[in-house]
K.L.:
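Take a look at the following structure, please.
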Amino acid sequence: MKAGEVEQAQKLYAQVLSQFPKNKKAIQGYQKLKKPPQAEMDRLISLFNSNQLQAAVSLGTKLIGQFPSAPMLYEILGAANLSLGLAEDTIKNYQKLLQLNPKHTDAYNNLGLVFYEQGKYSEAVDSYQKAVELEPSFADAHYNLGNALKHVGDLRKAIGSYKTSLTFNPNDIEVLSEYGGALKDYGEFEKAIECYKKLQKLNPSLVNIQSHLDNIVKEKEEIFNFVTKEVIQ
């Protein structure tokens, strides 16, 4: 272990524990191998928090070589690579994190963000869906799921996801905006108008809200006139 041969040390400790499962020195040594020293973790977190992302990736990669079963390392590396726009490295880190911790909701959500940016909307839907299944109150994941569902053409489910997100954050302007647009596209004009009016009330300085409302009213009238004409004919 002192020589840095972590994998070999793990095997040796495992052999000892298989025969002597209560051996305190073996238990303590094996536990130490699972996570880096706290000083190294503090340094890594400090680099990440101070936005020294490349340095954080370098240190994290080095530590993973020594402690390949430490979930926190993959979590920080995933977040750093996500911020750096390194899609494949981000995916690799989060997938490894999920192998170690299959219930890590942020990992699923962040994986979804990467897939979404890559235009892999079906994969994004799957990732976001797992996040909200594990944490039903994860408002951001519901919103992200709505965006992905809209891209795969399931507008009805997208509306449902936006609506769920708003139950947790009812005044989220970004979600309200997407919700209003989805309602309009789905033909739910009255609900869309209600949504945009709420946006106006929350933030009167928002541009284009009135134009959205005018367009909805115009489109609603055009559909009504068309249907009326068809009935008369």
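Only heavy atoms go into these numbers, but all of them, side chains included; no hydrogens, no water, no symmetry mates.
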K.L.:
Say whether, by atom type as modelled, one donor and one acceptor occur between the side chain of Asn101 and the main chain of Lys103 under 3.5 angstrom.
P.N.:
yes
K.L.:
Got a second to check how far His104's NE2 is from Glu135's CD, nearest 0.5 Å?
P.N.:
10.5 Å
K.L.:
Verify, without hydrogens or angle tests, whether Ser58 (side chain) and Gln54 (backbone) share a donor-acceptor contact under 3.5 angstrom.
P.N.:
yes
K.L.:
Below 4.5 Å, heavy atoms only, C-beta onward: do Met72 and Ile45 meet side chain to side chain?
P.N.:
yes
K.L.:
Side chains of residues 137-146: which donor-acceptor partners sit under 3.5 Å, not counting sequence neighbours?
P.N.:
| from | atom 1 | to | atom 2 | distance (Å) |
| --- | --- | --- | --- | --- |
| His142 | NE2 | Pro136 | O | 2.7 |
| Tyr143 | OH | Glu174 | OE2 | 3.0 |
| Asn144 | ND2 | Asn109 | OD1 | 3.0 |
| Asn144 | ND2 | Asp140 | O | 3.2 |

K.L.:
Grab the two heavy atoms, one from Ala26 and one from Val16, that are nearest each other, plus how far apart they are.
P.N.:
CB-CG1, 3.7 Å
K.L.:
State yes or no: are the ring centers of Phe115 and Tyr121 separated by less than 6.0 Å?
P.N.:
no
K.L.:
I want to check something: taking the side chain as every heavy atom from C-beta on, are Glu88 and Gln118 in contact at a cut-off of under 4.5 Å?
P.N.:
yes
K.L.:
Determine whether Phe168 and Ile173 fall in the same hydrophobic cluster, where Ile, Leu, Val, Met, Phe, Trp and Tyr are linked whenever their side-chain heavy atoms lie under 4.5 Å apart.
P.N.:
no
K.L.:
Compare every heavy atom of Asp154 with every heavy atom of Lys157, then report the nearest pair and how far apart it is.
P.N.:
CD-OD2, 3.1 Å
K.L.:
Can you list every pair that meets ring pair (Phe, Tyr, Trp, His ring centres under 6.0 Å) and has a residue in residues 34-62, with sequence neighbours left out?
P.N.:
none
K.L.:
Decide if the gap between the ring center of Tyr116 and the ring center of His151 is smaller than 6.0 angstrom.
P.N.:
yes
K.L.:
Which pair of heavy atoms, one from Ile76 and one from Leu44, lies closest together, and at what distance?
P.N.:
CD1-CD2, 3.8 Å
K.L.:
Who passes side-chain contact (heavy atoms from CB on, under 4.5 Å) against Gln52, sequence neighbours left out?
P.N.:
Leu47, Ser50, Ala55
K.L.:
Please test Asp185 against Leu155 for side-chain contact (heavy atoms from CB on, under 4.5 Å), starting from the C-alpha separation and ending with a verdict.
P.N.:
CA-CA 8 Å; Asp185 292 341; Leu155 200 54; 3.7 Å; yes
K.L.:
Can you establish whether the number of heavy atoms outside Glu194 located under 6.0 Å from its atom CD is more than 12?
P.N.:
no
K.L.:
In Å and rounded to the nearest 0.5 Å, what is the OH to CG distance from Tyr108 to Leu134?
P.N.:
6.5 Å
K.L.:
Do Tyr162 and Lys150 have side chains that get closer than 4.5 Å, going by heavy atoms?
P.N.:
yes
K.L.:
What is the distance from atom CZ of Phe67 to atom NZ of Lys62, rounded to the nearest 0.5 Å?
P.N.:
10.0 Å
K.L.:
As an exercise, state the distance from CD1 of Ile209 to CG of Asn203, rounded to the nearest 0.5 Å.
P.N.:
8.5 Å
K.L.:
For the CD atom of Glu75 and the NZ atom of Lys96, what is their distance to the nearest 0.5 Å?
P.N.:
15.0 Å
K.L.:
Out of the candidates Leu176, Leu213, Ile216, only one should pair with Cys195 under the side-chain contact (heavy atoms from CB on, under 4.5 Å) rule; please name it.
P.N.:
Leu176
K.L.:
Do we see a donor-acceptor contact under 3.5 Å between the side chains of Gln38 and Asp42?
P.N.:
yes
K.L.:
Closest approach of Pro36 and Leu63, non-hydrogen atoms and distance?
P.N.:
CB-CD2, 4.3 Å
K.L.:
With a 4.5 Å heavy-atom cut-off, do Glu219 and Asn215 have their side chains touching?
P.N.:
no
K.L.:
Applying salt bridge (Lys or Arg N to Asp or Glu O under 4.0 Å), can you list everything that pairs with Lys198, at least two apart in sequence or on another chain?
P.N.:
none
K.L.:
Which atoms form the tightest heavy-atom contact between Leu149 and Ser161, and what is the distance?
P.N.:
CD1-OG, 3.5 Å
K.L.:
Does any non-hydrogen side-chain atom of Ser69 lie less than 4.5 Å from one of Tyr74?
P.N.:
no
K.L.:
Rounded to the nearest 0.5 Å, what separates atom CG in Leu59 from atom CE in Met41?
P.N.:
9.0 Å
K.L.:
Tell me, which pairs form a ring pair (Phe, Tyr, Trp, His ring centres under 6.0 Å) where one or both residues lie in residues 180-202, sequence neighbours left out?
P.N.:
Tyr196-His212
K.L.:
Leu73, Leu100: one ILVMFWY side-chain cluster at the under-4.5 Å cut-off?
P.N.:
yes
K.L.:
List the atom of Leu77, the atom of Thr61, and the distance in Å for their closest heavy-atom pair.
P.N.:
CD1-N, 3.9 Å
K.L.:
Considering only distance and modelled atom types, tabulate donor-acceptor pairs under 3.5 Å from the side chains of residues 123-133, sequence neighbours left out.
P.N.:
| from | atom 1 | to | atom 2 | distance (Å) |
| --- | --- | --- | --- | --- |
| Ser127 | OG | Glu123 | O | 3.4 |
| Tyr128 | OH | Gly112 | O | 3.1 |
| Tyr128 | OH | Leu113 | N | 3.1 |

K.L.:
Assigning hydrophobic clusters by single linkage (Ile, Leu, Val, Met, Phe, Trp, Tyr; side-chain heavy-atom cutoff under 4.5 Å), is Leu82 placed with Leu84?
P.N.:
yes
K.L.:
I need the single residue from Ile91, Leu97, Asn93, Leu98 that forms a side-chain contact (heavy atoms from CB on, under 4.5 Å) with Gln95. Which is it?
P.N.:
Ile91
K.L.:
Do Ser165 and Asp172 come within less than 4.5 Å of each other through their side chains, counting heavy atoms only?
P.N.:
no
